[in-house]
Trainee: 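Right, I'll just put the structure down here and ask away after.
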Number of protein chains: 2
Amino acid sequence: MTSNQPLFRALADPTRRDILLMLRGTDMTIAQVADNFDMTRAAVKKHLTVLSDGGLITVRTQGRERYNTLNPSAFAPIRDWLGFFDAFWDDRLSDLKSAIEKDTK
Amino acid sequence: MTSNQPLFRALADPTRRDILLMLRGTDMTIAQVADNFDMTRAAVKKHLTVLSDGGLITVRTQGRERYNTLNPSAFAPIRDWLGFFDAFWDDRLSDLKSAIEKDTK
DNA sequence: TTGACGTGATACCATTTGGTATCATATCAA
DNA sequence: TTGATATGATACCAAATGGTATCACGTCAA
């Protein structure tokens with residue numbers, strides 16, 4: 001089973017989550033992303049590396065620029081993981097349902 | 001708007017994610033949770049505090065024991081946040097659809 | 001060719017994080 | 001009461017993390 005630790009880790013930082021929202025619909029260079037934050041380009045670049053490690057973005061080189069693109073399909077493992085708790089939730093619901101049915105008998 | 005940083009942060013650690021899975025269906029004391037990991041009770045207790053800060057578990061005191069209970073509804077903000085990217089994904093799909101329709105004319 | 005520009009890479013720093021060890025406190029049971 | 005048990009709380013430590021500053025390198029434009 002593949003480790004999704006890099007994915008969860010990438011989502012743990014608010015700056016990185018903002019970058020992801022920012023990349024919806026538009027690819028951006030490192031400098032463009034950095035313009036939206038009050039920190040150095042180097043710091044933003046580090047965040048982009050973490051996002052890339054988590055598979056959440058892909059990078060395309062074009063001349064001397066590097067365009068960062070959102071990869072929405074990378075969220076799938078998170079949805080899968082959340083599903084483990086849906087099952088539990090359903091169990092509790094069916095328990096409740098049984099209890100109610102037994103009660104109305 | 002409420003910050004969901006404590007929630008995302010709580011999910012960033014693999015031990016904590018394991019604890020959550022472990023708590024599906026059964027409430028457990030701190031000692032019981034700690035028995036399942038190769039670390040001290042104090043370390044596990046710290047993780048439980050972070051999970052509690054994220055709203056992912058609730059704690060019920062019973063005598064000298066403290067039972068930790070999973071709170072599945074705490075995942076809702078994460079699903080909501082993921083939804084922001086569903087919209088983007090749908091846009092890309094409809095773009096693709098339009099392109100195909102235009103092409104088959 | 002020559003700068004200016006966009007980026008990569010490295011060293012460095014302060015803070016946070018995950019962990020241990022240790023002691024104090026409250027509760028259960030004999 | 002007395003001792004074992006379950007937990008709380010604190011101090012401490014190493015490593016990871018988020019940030020800066022700085023320099024090197026490839027690329028574009030004049």
Side-chain angles (χ1 to χ4, degrees), chain A residues 3-23 26-71 74 78 81, chain B residues 3-23 26-71 74 78 81:
Chain A
S3 158
N4 42 21
Q5 174 58 16
L7 176 54
F8 277 99
R9 191 219 154 187
L11 295 182
D13 185 273
T15 299
R16 288 194 289 267
R17 291 197 302 276
D18 285 345
I19 292 177
L20 291 176
L21 289 172
M22 201 172 294
L23 287 178
T26 11
D27 298 353
M28 299 175 77
T29 66
I30 298 180
Q32 284 174 336
V33 174
D35 279 344
N36 291 278
F37 294 96
D38 188 25
M39 67 181 75
T40 61
R41 178 188 56 79
V44 169
K45 150 81 170 156
K46 279 191 182 181
H47 284 304
L48 290 170
T49 299
V50 175
L51 287 172
S52 176
D53 289 345
L56 287 158
I57 62 171
T58 56
V59 188
R60 164 179 38 101
T61 301
Q62 185 171 328
R64 61 182 163 182
E65 296 177 331
R66 307 259 289 167
Y67 279 90
N68 299 273
T69 306
L70 181 66
N71 176 26
I78 304 237
W81 189 82
Chain B
S3 158
N4 43 19
Q5 175 58 16
L7 175 54
F8 276 100
R9 192 221 151 185
L11 295 182
D13 185 273
T15 299
R16 288 195 288 268
R17 291 197 301 277
D18 285 345
I19 292 177
L20 291 175
L21 289 172
M22 201 171 294
L23 286 178
T26 11
D27 299 352
M28 299 176 77
T29 67
I30 300 180
Q32 284 173 337
V33 174
D35 278 345
N36 291 277
F37 294 96
D38 189 25
M39 65 182 76
T40 60
R41 178 189 56 79
V44 170
K45 150 80 170 157
K46 280 191 182 181
H47 284 304
L48 289 171
T49 298
V50 175
L51 288 172
S52 176
D53 289 347
L56 287 158
I57 62 172
T58 57
V59 189
R60 161 180 39 101
T61 301
Q62 186 170 328
R64 62 182 161 182
E65 295 177 330
R66 307 258 291 166
Y67 279 90
N68 300 273
T69 306
L70 181 67
N71 175 27
I78 303 233
W81 189 83

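Within every chain, numbering begins at 1; the chains are lettered A, B, ... in the order of the sequence lines, protein sequences first and strands thereafter. No hydrogens, no waters, no symmetry mates; every other heavy atom, side chains included, goes into these values.
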Trainee: Take the protein atom CG of B/N68 and the nucleotide atom P of D/dA6, then report the distance between them rounded to whole Å.
Mentor: 14 Å

Trainee: In whole Å, I'd like the distance from the CZ atom of B/R66 to the P atom of C/dT25.
Mentor: 17 Å

Trainee: Can you name the closest pair of heavy atoms from A/I30 and A/V44 and give their distance?
Mentor: O-CG1, 4.4 Å

Trainee: Kindly compute the distance separating CD1 (B/I57) from CG (B/N68), expressed to the nearest 0.5 Å.
Mentor: 4.5 Å

Trainee: Between atom CD in B/E65 and atom C1' in C/dT25, what is the gap in whole Å?
Mentor: 16 Å

Trainee: Please give, in whole Å, the distance from D/dT27 P to A/Q62 CD?
Mentor: 13 Å

Trainee: Would you say D/dG8 has OP1 or OP2 under 4.0 Å from some side-chain N or O of B/K45?
Mentor: yes

Trainee: Using a 4.0 Å heavy-atom cut-off, write out nucleotides 15-20 of chain C from 5' to 3' as B (base contacted by protein), S (sugar-phosphate only) or - (no contact).
Mentor: --SSBB

Trainee: Within the 4.5 Å heavy-atom criterion, are A/D13 and B/F8 side-chain neighbours or not?
Mentor: no

Trainee: Check whether any side-chain heavy atom of B/R16 sits under 4.5 Å from a side-chain heavy atom of B/L56, and report yes or no.
Mentor: no

Trainee: With respect to the phosphate group of D/dA4, does any side-chain polar atom (N or O) of B/R64 fall under 4.0 Å of OP1 or OP2?
Mentor: no

Trainee: Any side-chain heavy-atom pair from B/N36 and B/M28 closer than 4.5 angstrom?
Mentor: yes

Trainee: Report the C-alpha distance between A/L11 and A/L20 in whole Å, list the side-chain angles of each, state the deciding distance to 0.1 Å, and finish with yes or no for side-chain contact (heavy atoms from CB on, under 4.5 Å).
Mentor: CA-CA 9 Å; A/L11 295 182; A/L20 291 176; 3.6 Å; yes

